[in-house]
Amino acid sequence: MKRRLFSLSVAAAAMSMSLPALAQTKWDLPAAYPASNFHTVNLMAFADDVDKASGGKLKITVHAGASLFKAPEIKRAVQGGQAQIGEILMANFQNEWQLFGADGLPFLADSYDAAQKLYKAQKPLLEKKFADQGMVLLYAVAWPPQGLYSKTPINSAADLKGSKWRAYSPATARIAELVGAQPVTVQAAELSQALATGVVETNMTSGATGVDSKLYEHLKFYYDVQAWLPKNAVFANKKAFDALDKPSQDALLKAAADAETRGWAESQKVNTDTLNTLRARGMTVAPPSPQLKADLQKVGQTMLKEWQEKAGPEGKTLIDSYAR
Ligand code: PCA
C-alpha cells in the first residue's frame, strides 16, 4: 500500500512537472536582417511581449541575419511549416504577386504619411493573399526612405551607366536596367562582402542598411532621394496559429499590433539617426540634384506603368483605394 502510494505520488509529480512543458509552444522566427537592425530589435521585443502576455506559453525564437533561412526562402519555409512565423521584405516577392511589390515602386509612396496610406490600401489585399496561402499577416513596418549610395558623385542617371548596381528586389534590378547599370542581386546579409570584393559599387537602400552593412567603409556619397519605403511583413503559418489556445492567439495579435506601432515610429527615428551616422563616418549626405531626381522620377513612371499592366484589376483596386 505504501509502495503504491509512493509510486502514485511519483507519477503525480512527474505529471505536474511535465504539464507546463507540454503546454509550452515553441516557434522559430527566421529573419533576414542583422540583430542590431531596428526591425530585428522590434521582433525581439515582440517575442518578449508574446512570452509575457501568454504567461510563458508561447516562446518565439528570433533567428536574425538569415541564419535559419536566406531572405528569399523565408516565405516558403513558413508556408510549408518548417518555421511557424517569419519576416520578409514583401518587395522581394513581386514576381510571385505584383501587389507584394507596390511599396517597392519608386515615388508611388515616398514619405511616411504616403507609406502609411499605401499600407492601409494594401492591407486587406495582403491579408487575403496570406490567408489564401495558409498564413496569417501579423504586422508590417516600413524601412526608412530609400536613397542612392555611390563611390563617385552622381548628378544624373547618366552617371550611373555601366555601374555595378546592387539590387535586393525585382524592382531595384529594374531601376538598374532603366538607368543602364548592371544589376546584381545581393541580399543584405551578403552586402558588406559584395562591396568589399567589388562585386557591386552602387546601391539604393536606406540609411539603416547603410549603417548595418557599414557602407561608409566603401562608398563616399549618399543621395537622400526618398524614393520609396518598402515594408517588412511578419506572418505566421495558419495551422500553427490555429493550434494555439485562444489566450495565446490574442497575446500574439495584441503584441503584433503594438510592434507595428512601435516599428513605424522607430523607423522614422532610425532614419534621422542613421543619416547622421553616415555623415559622422565621413560620407557626403546630400539631396539629389534636380536632374537626378527628375531622371529617377521618370524611371518611376515607367515602372508604375509596367506594374499596372502586370498587376491587372487587383492593381487597379489598390491604386484606386490608395488615391482616395
Ligand atoms: N534595406 C534592405 C531592404 C530595404 C532597406 O532599406 C536592404 O537593403 O536589403
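In listed order, ligands and their atoms are each counted from 1.
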Given 3.5 Å as the limit, does a donor-acceptor pair link the side chain of Glu201 with the main chain of Lys164, or not? yes
Is a side-chain N or O of Thr197 found less than 3.5 angstrom from the main chain of Gln193, in a donor-acceptor match? yes
In the structure I gave you, are the side-chain heavy atoms of Gln79 and Asn237 within less than 4.5 Å of one another anywhere? no
Given the side-chain rings of [X] and [Y], with only the six-membered ring counted for Trp, is the space between their centroids under 6.0 Å?
X      : Y      : result
Tyr168 : Trp143 : no
Tyr216 : Phe221 : no
Tyr139 : Phe46  : yes

Using a 3.5 Å cut-off on N/O to N/O, what pairs does ligand 1 make with the protein? A line per pair would be great.
{"from": "ligand 1", "atom 1": "1 (N)", "to": "Thr205", "atom 2": "OG1", "distance (Å)": "3.0"}
{"from": "ligand 1", "atom 1": "1 (N)", "to": "Thr209", "atom 2": "OG1", "distance (Å)": "2.6"}
{"from": "ligand 1", "atom 1": "6 (O)", "to": "Gln146", "atom 2": "NE2", "distance (Å)": "2.9"}
{"from": "ligand 1", "atom 1": "6 (O)", "to": "Thr205", "atom 2": "OG1", "distance (Å)": "3.1"}
{"from": "ligand 1", "atom 1": "6 (O)", "to": "Ser206", "atom 2": "N", "distance (Å)": "3.3"}
{"from": "ligand 1", "atom 1": "6 (O)", "to": "Ser206", "atom 2": "OG", "distance (Å)": "2.6"}
{"from": "ligand 1", "atom 1": "8 (O)", "to": "Arg166", "atom 2": "NH1", "distance (Å)": "2.8"}
{"from": "ligand 1", "atom 1": "8 (O)", "to": "Arg166", "atom 2": "NH2", "distance (Å)": "3.3"}
{"from": "ligand 1", "atom 1": "8 (O)", "to": "Thr205", "atom 2": "OG1", "distance (Å)": "2.7"}
{"from": "ligand 1", "atom 1": "9 (O)", "to": "Arg166", "atom 2": "NH2", "distance (Å)": "2.8"}

